[in-house]
Asks: 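Below is one structure. I have some questions about it.
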Number of protein chains: 2
Amino acid sequence: MTVTLADVAARARVSPATVSRVLNGNYPVAAATRERVLRAVDELDYVLNGPASALAAATSDLVGILVNDIADPFFGIMAGAAQHAMGEGPGRAGGEKLAVVCNTGGSPERELTYLTLLQRQRAAAVVLTGGAVEDAGHTAATAAKLARLADAGTRVVLCGRPPVPGAGEAITAALTFDNRGGGRRLTEHLLTLGHRRIGYVAGPAERTTTRHRLEGHRAAMEAAGLGGAGLDRLTVHGRYDRRSGYDATLELLRRAPDLTAVVAANDTVALGACAALRDRGLRIPDDISVAGFDDLPFSVDAVPALTTVRLPLHEAGARAGRLATGTEAPPPGGVATIGGDLVVRASTGRPAA
Amino acid sequence: MTVTLADVAARARVSPATVSRVLNGNYPVAAATRERVLRAVDELDYVLNGPASALAAATSDLVGILVNDIADPFFGIMAGAAQHAMGEGPGRAGGEKLAVVCNTGGSPERELTYLTLLQRQRAAAVVLTGGAVEDAGHTAATAAKLARLADAGTRVVLCGRPPVPGAGEAITAALTFDNRGGGRRLTEHLLTLGHRRIGYVAGPAERTTTRHRLEGHRAAMEAAGLGGAGLDRLTVHGRYDRRSGYDATLELLRRAPDLTAVVAANDTVALGACAALRDRGLRIPDDISVAGFDDLPFSVDAVPALTTVRLPLHEAGARAGRLATGTEAPPPGGVATIGGDLVVRASTGRPAA
DNA sequence: CTGTTAGCGCATTCAA
DNA sequence: TTGAATGCGCTAACAG
């Protein structure tokens, strides 16, 4: 039936321990012996029993990458880069990490469930990507869970997420995006063009990413003397998807038909906003300007091409992957802020006179 | 240190075996005892040791979903749906499956590596999504690997991939897309509009998806008396990404400046094709028509909206998830073909006179 | 450099 | 309905 390490040992005429050593490559083994063992492994088509190995070693080669929405390229790009970076580990041969992505669907409960499942598997590392849900209960639960994970030796890396309050010690490294700064610069760009009545299509209210981008926007508005209650009227919350952007934009137009610009929470939402504006007969950017966030691959192909804030998703993901495998040293203080670049394209222009 | 089942047993004043039984819910346990145990679990914040459990039971709750490109929504949608469907299992409580997606990046070697890693973890099921690479060596290796997986009790489900030659017995179920039929209908649509000089931007040459879609296209062309060597000249292969579509389209235009339509291997490629055509000063569809495949969410928002073939990615993924957990019975013969619907939008029209 | 010896934490017989 | 005993397959000291 299933071939075990003992079978390999018997065939290679060595002890099980020796087989284990050549497989893990952690101890010196004579070249000739190693050859013999590897041949036996090959002939028997032996595959290490992961659970047994993990049980004995009290650690596994599983690395979990948590994402809010696997169908969203924003997460796909980071996850793919992280996964790729982990394959590059220095310790060839047995150094394989099973990098694996878990889709929380944005649900805090599922996030916790996955964390437990990963803890159960004694994962080597966990990477949390994207914004967190800001709910006192959930934040505390997450912090506690991460602390336990860290206790058990699991490395915890945050990618595109602010440090979890109360989990300082538990976190190996946090790579956070400067959503606030990006949001501010984007709105400043519009203000500079001469816009004054700017609508904002925000993401889900309880997300850190949403809040930070919105805060950046409002900071810019207030600095231009456009603060006050009006801001609330010109902000509509929704999901981070196309449909939500479409609906929210129509609502914005209903509330303020004289809008000259719409800023969206991200590029996907911006696409929906563009569709809504077109359906209303408005030309972009002649009648109204539109801006997004993230600079996903499709944004340059939108018509007109989208003005947005470029986040180095690929680099961030790769770095998170290296941090998770211990290939790269954590930044000083454990936290690194990654900036976004304003990318001005054709979807924004001067407001109509 | 780390809490074990024995600790829980001690606290609940029962034997370890009893704790195991209430946790797995497979044996009758007195309600009062169960209560006591669950309370102890809670108080101690106990988490089952996955590897130990998997070792003892010779099976784990890990399910692997392999995708070619995690940054591509085509895969993200299927994977997300599959993952979601698995969470719905009937056996609540301990029924949690750790559904996990593995990004092969389209590399046959990585695919095999992941399969081995999953075999090592004694995965409960494996879902392979998207087209396969058609290389005799790799096909044989994959078939052999799948056979071993199946031998070990792992369920193998194919989603959007044709049955693996030589692995018939090993596969629980195969959900394949009718790429050929979709490709044929798409080209027939263009022929009906009056097009005769149709360029084709294909995917990577060695992929089943690529071949099937292309065969459908050519079948339609030949049926219209447009077969022959000319077809090769009007076909350019590339990757399934935007950039590749852009470059291939320019090449097509170079080879045949009088093209009246371009069919792309998928929507992402079509987006690149549109960009190239625009950059060349051609209007869509007035000067030239464009069509894609898949009907990804962004396709309806392209300008002009993309004519394409809609694949029920969400449904297919969900079904694959259910097949993987055994929630749904396999189709008769183990293979089900899923059709695609022609979706005619604004990017295709009659050729210019 | 290699063999021996103990568990790792849990599921599952077999009794009671 | 519950407890005691055994072994899953492997790694990690510890000798040699």
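Just so it is clear: chains get the letters A, B, ... in the order the sequence lines come, proteins before strands, and each one is counted from 1. Values reported hereafter were calculated over all heavy atoms of this structure, with side chains retained and with hydrogens, waters and symmetry mates removed.
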Asks: How many whole angstroms separate atom OH of Y27(B) from atom P of dC14(C)?
Replies: 11 Å

Asks: Using a 4.0 Å heavy-atom cut-off across all strands, classify L55(B) as base, sugar-phosphate, or nothing.
Replies: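 Base: the residue L55(B), judged by heavy atoms under 4.0 Å, touches a nucleobase.
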
Asks: For T4(A) and dG9(D), is the shortest distance between a side-chain N/O and OP1 or OP2 below 4.0 Å?
Replies: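 For dG9(D), OP1/OP2 do not have a side-chain N/O of T4(A) under 4.0 Å.
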
Asks: Could you give the CZ-to-C1' distance, from R122(A) to dC8(C), as a whole number of Å?
Replies: 11 Å

Asks: Can you check the R34(B) CZ to dT1(D) P distance for me, whole Å?
Replies: 10 Å

Asks: Under 4.0 Å, heavy atoms only, any strand: does V14(A) hit a base, just the sugar-phosphate, or nothing?
Replies: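 Sugar-phosphate only.
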
Asks: Can you measure R120(B) atom CZ to dG9(D) atom P for me and round it to whole angstrom units?
Replies: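 Taking CZ of R120(B) and P of dG9(D), I get 16 Å after rounding.
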
Asks: Using the side-chain hydrogen bond (donor to acceptor under 3.5 Å, both in side chains) rule, take K145(B) and T116(B) through it: C-alpha gap first, then chi angles, then the decisive distance, then the call.
Replies: CA-CA 8 Å; K145(B) 182 60 84 183; T116(B) 300; 3.0 Å; yes

Asks: For A99(A) and Q83(A), which heavy atoms make the closest approach, and how far apart are they?
Replies: O-NE2, 2.6 Å

Asks: Quickly work out the L48(A) CG to dG9(D) C1' distance and round it to whole Å.
Replies: 9 Å

Asks: Which atom pair, heavy atoms only, marks the closest approach of L55(B) to P51(A)?
Replies: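 Closest pair (atom of L55(B), atom of P51(A), distance): N-CB, 3.8 Å.
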
Asks: So L98(B) and C102(A), do their side chains get closer than 4.5 Å, heavy atoms only?
Replies: yes

Asks: Atom CD of E35(A) and atom P of dT2(C): how far apart are they, to the nearest Å?
Replies: 13 Å

Asks: Please determine if R161(B) and E134(B) form a salt bridge, counting it only when a charged side-chain N lies under 4.0 Å from a carboxylate O.
Replies: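 Salt bridge absent between R161(B) and E134(B).
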
Asks: Go nucleotide by nucleotide along DNA chain D from the 5' end; which of R21(A) and V47(A) gets its closest nucleotide reached first?
Replies: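 Residue closer to the 5' terminus by nearest nucleotide: V47(A).
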
Asks: Quick one: is N49(A) getting a side-chain N or O under 4.0 Å of the dC8(D) phosphate, OP1 or OP2?
Replies: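 No, because none of the side-chain N or O atoms of N49(A) sits under 4.0 Å from OP1 or OP2 of dC8(D).
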
Asks: Expressed in angstrom and rounded to an integer, what is the separation of Y46(B) atom OH from dG9(C) atom C1'?
Replies: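 Going from Y46(B) (OH) to dG9(C) (C1'), I get 7 Å.
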
Asks: How close or far is atom P of dT12(C) from atom CG of N26(B), stated in whole angstroms?
Replies: 7 Å

Asks: Between S15(A) and dT4(C), does any side-chain N or O lie under 4.0 Å from OP1 or OP2?
Replies: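 For dT4(C), OP1/OP2 do not have a side-chain N/O of S15(A) under 4.0 Å.
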
Asks: Examine dG9(C): is either OP1 or OP2 under 4.0 Å from a nitrogen or oxygen in the side chain of S53(B)? Give yes or no.
Replies: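 Answer no for this pair, as no side-chain N or O of S53(B) is under 4.0 Å from OP1 or OP2.
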
Asks: Phosphate oxygens OP1/OP2 of dC1(C): is one of them under 4.0 Å from a side-chain N or O of T18(A)?
Replies: no

Asks: By nearest heavy atom, map S20(B) and A57(A) onto DNA chain C; which one lands nearer the 5' end?
Replies: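 On the 5' side of the pair lies A57(A).
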
Asks: By the 4.0 Å heavy-atom rule, please label A58(B) as base, sugar-phosphate, or nothing.
Replies: nothing

